[in-house]
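Here the structure is laid out as structure tokens; the discussion comes afterwards.
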Amino acid sequence: MQAKEFQRRILQYYQQYGRKHLPWQQNKTHYRVWVSEVMLQQTQVTTVIPYYLSFMERFPDLAALATANQDDVLAQWTGLGYYSRARNLHKCAQQVHFELNGKWPSNVEALEQLPGIGRSTAGAIHSLVTGQPATILDGNVKRVLCRFYAIEGWPGKPKVHKALWELADKLTPAQQVDHYNQAMMDLGATLCTRSKPQCDACPVQSGCAAFAAGTQKNYPTSKPKTNKPERSAIFIVAQYKQQILLEKRPEQGIWGGLWSLPQAEMDTSDDALASCLGMPLPPVTIQSLPAFRHTFSHFHLHIHPRKLVLSKKPRGVMDSDRWQWQDRSQLDALGMPGPIIQLLKNMEPAT
DNA sequence: AATCCGTGGCG
DNA sequence: TCGCCAAGGAT
């Protein structure tokens, strides 16, 4: 099948079945499309929608986001994952608002220089907002292309990745690129799905190499397996009256920039727990709460909570701005990891 | 180039 | 219960 015919069918598919009523497809602006594209990185539409609506209510425009505190931005992102996206989103807003006078770059190359915007996201923003030509290559497009051309090899491999970009470039039309790109993502998300693809309804079935061979399920080639290591840590729930001691995590690393519980090595004794927080007084009680496991993108973490009920609020090390006592009823005001929120929510109220 | 970075849904 | 992976980018 020639590129022209492929494009014609994809555009026809868009007319009939393309998604046109997603929240970020209404009142299209750079700001609204950009926020949606970043939220949609590695994240499915149904997960994003409630976050997107809430985010737009809290930060209706670029100025609102650029002038907000990072804590407020991360609080909106809580539970969505990949928190560097939120930090970069905030940085990017500040750059465009303060350094570019609110004017978004008018070409893909300049868009790609902004924090959190890579090649595919830049192409998506540019094409979807302006309608001008730009290539995208997200997970949906990759899956469609891998099947259509029966491409062997995991798409994460640089060689395969490069080949996919070249094919994507070659197939992208000069006209109606916004419709074409949207349709390719819709096709991948609704018909050419990972499991049980609905090939009967596919507009490019007749040219699909995988369909012809009946090997749709073999594409894209899956990632080589690597076992995730198991890690364990003590999480300290230091409670004074109705307040919990929180520690802001460093920007780099897991849960970067979020407020979490102070951590300790597994072999830390109960006596050492209090002192490692610099507490002058021993806590009234130390109680072990049920451990649970949380899985990240690349390791498992066994969380062993220790509850320390304090009779007096300690002073000292916690005077730095990375420490904060937060009222239990106001935990959602800060960006916090989902599992930590759950842990604190499940805990019985203090006596 | 390979690794790091979350979470939820699915079979 | 568990492995897989989904609208990727940064280092």
Side-chain angles (χ1 to χ4, degrees), chain A residues 18-19 22-25 33-52 74 77-89 91-92 111-125 127-128 135-144 146 154-162 164-165 168 181-190 192-196 217 219-231 249-258 260 292-301 335-342:
Chain A
R19 290 178 290 187
L22 296 170
W24 42 90
Q25 295 176 317
V33 171
W34 161 63
V35 171
S36 75
E37 287 302 327
V38 174
M39 283 190 173
L40 287 162
Q41 290 167 1
Q42 299 293 94
T43 312
Q44 303 196 38
V45 166
T46 53
T47 304
V48 165
I49 287 177
Y51 282 91
Y52 183 80
L74 286 170
W77 211 271
T78 285
L80 199 50
Y82 285 128
Y83 297 96
S84 67
R85 294 185 295 173
R87 300 195 305 275
N88 282 330
L89 195 79
K91 273 186 215 162
C92 182
L111 274 174
E112 208 177 332
Q113 299 308 309
L114 294 167
I117 300 181
R119 186 173 172 185
S120 185
T121 300
I125 295 170
S127 63
L128 295 179
T135 308
I136 63 168
L137 185 64
D138 65 354
N140 288 316
V141 179
K142 283 179 192 169
R143 193 167 47 255
V144 171
C146 282
W154 175 52
K157 283 281 179 196
K159 205 169 170 182
V160 180
H161 192 244
K162 184 170 183 293
L164 287 169
W165 267 108
N181 282 344
Q182 184 61 51
M184 286 293 282
M185 292 190 282
D186 293 342
L187 185 60
T190 63
C192 197
T193 48
R194 178 168 65 90
S195 55
K196 294 195 282 186
K217 67 175 171 50
Y219 303 96
T221 304
S222 57
K223 178 182 169 177
K225 307 188 202 187
T226 56
N227 289 330
K228 293 177 180 175
E230 304 275 351
R231 302 184 194 171
R249 300 185 61 91
E251 298 271 318
Q252 308 90 317
I254 208 81
W255 291 340
L258 298 191
S260 184
F292 60 98
R293 191 173 86 145
H294 182 74
T295 300
F296 293 98
S297 52
H298 55 298
F299 66 94
H300 305 285
L301 180 62
M336 292 181 63
I340 303 306
I341 293 179
Q342 281 307 313

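In what follows, chains are A, B, ... by sequence order, proteins preceding strands, each numbered from 1.
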Starting from the 5' end of DNA chain B, give me the residue, A:K157 or A:Y51, whose nearest nucleotide shows up first. A:K157

DNA chain B: 5'-proximal contact among A:K228 and A:W154 (nearest heavy atom): A:W154

With a cut-off of 6.0 Å (strictly less than), are more than 12 heavy atoms of other residues, nucleotides or ligands near NZ of A:K228? yes

So, is [X] near the phosphate of [N], with a side-chain N or O under 4.0 Å from OP1 or OP2?
{"X": "A:Q42", "N": "C:dG8", "value": "yes"}
{"X": "A:R143", "N": "C:dA7", "value": "yes"}
{"X": "A:Y82", "N": "B:dC4", "value": "no"}
{"X": "A:H298", "N": "B:dC5", "value": "yes"}
{"X": "A:T121", "N": "C:dG9", "value": "yes"}

Grab the two heavy atoms, one from [X] and one from [Y], that are nearest each other, plus how far apart they are.
{"X": "A:V38", "Y": "A:R85", "value": "O-NH1, 3.1 Å"}
{"X": "A:A86", "Y": "A:L74", "value": "CB-CD2, 3.7 Å"}
{"X": "A:R249", "Y": "A:I254", "value": "NE-O, 2.9 Å"}

Answer yes or no: side-chain N or O of A:R19 and base N or O of C:dA7 forming a donor-acceptor pair under 3.5 Å. yes

Any N or O donor-acceptor pair linking the side chain of A:T46 to the base of B:dG8 at under 3.5 Å? no

Under 4.0 Å, heavy atoms only, any strand: does [X] hit a base, just the sugar-phosphate, or nothing?
{"X": "A:L114", "result": "sugar-phosphate"}
{"X": "A:G156", "result": "nothing"}
{"X": "A:W77", "result": "nothing"}
{"X": "A:S36", "result": "nothing"}
{"X": "A:G253", "result": "sugar-phosphate"}
{"X": "A:L80", "result": "base"}
{"X": "A:T43", "result": "base"}

Report the residue (A:P115 or A:W24) whose heavy-atom-nearest nucleotide on DNA chain C is the more 5′ of the two. A:W24

Reading DNA chain C from 5' onward, which residue's closest nucleotide shows up sooner: A:Q25 or A:G116? A:Q25

Length of the [atom1]-[atom2] vector between [X] and [N], whole Å:
{"X": "A:W34", "N": "C:dG9", "atom1": "CH2", "atom2": "P", "value": "14 Å"}
{"X": "A:H161", "N": "B:dT3", "atom1": "NE2", "atom2": "C1'", "value": "15 Å"}
{"X": "A:E37", "N": "C:dA6", "atom1": "CD", "atom2": "C1'", "value": "14 Å"}
{"X": "A:K162", "N": "B:dA2", "atom1": "NZ", "atom2": "P", "value": "16 Å"}
{"X": "A:I49", "N": "C:dA6", "atom1": "CD1", "atom2": "C1'", "value": "15 Å"}
{"X": "A:Q252", "N": "B:dC4", "atom1": "CD", "atom2": "C1'", "value": "12 Å"}
{"X": "A:L301", "N": "B:dC5", "atom1": "CG", "atom2": "P", "value": "12 Å"}
{"X": "A:Q44", "N": "C:dG8", "atom1": "CD", "atom2": "C1'", "value": "14 Å"}

Compare the minimum distances between each of [options] and the side chain of [X], then state the nucleotide with the smallest one.
{"X": "A:W255", "options": "C:dA7, B:dA2, B:dG6", "value": "B:dG6"}
{"X": "A:R194", "options": "B:dC4, B:dG11, C:dC4", "value": "C:dC4"}
{"X": "A:H294", "options": "B:dT7, C:dC5, C:dA7", "value": "B:dT7"}
{"X": "A:P158", "options": "B:dA1, C:dG8, B:dT7", "value": "B:dA1"}
{"X": "A:P339", "options": "B:dT7, C:dA7, B:dG6", "value": "B:dT7"}
{"X": "A:I254", "options": "C:dA7, B:dC5, B:dT7", "value": "B:dC5"}
{"X": "A:F299", "options": "B:dC5, B:dT7, C:dA7", "value": "B:dC5"}
{"X": "A:R293", "options": "C:dG3, C:dA7, B:dC4", "value": "C:dG3"}
{"X": "A:F296", "options": "B:dC5, C:dA6, B:dT7", "value": "B:dT7"}
{"X": "A:K225", "options": "C:dC4, B:dT7, B:dG6", "value": "C:dC4"}

Would you measure the distance from the P atom in B:dA2 across to the matching atom in C:dA7 and give it in whole Å? 24 Å

On a whole-Å scale, what distance lies between the P atoms belonging to C:dT11 and B:dG6? 14 Å

Worked check of side chain to side chain contact (heavy atoms under 4.5 Å, CB included) between A:I340 and A:H294: CA-CA 10 Å; A:I340 303 306; A:H294 182 74; over 6 Å; no

With distance as the sole test, does A:E37 use its side chain to make a donor-acceptor pair with the main-chain N or O of A:I117 at under 3.5 Å? no

Side chain to side chain contact (heavy atoms under 4.5 Å, CB included) evaluation trace for A:L128 with A:Q182: CA-CA 8 Å; A:L128 295 179; A:Q182 184 61 51; 4.2 Å; yes

Side-chain heavy atoms of A:Q342 within contact of A:F292, under 4.5 Å: no

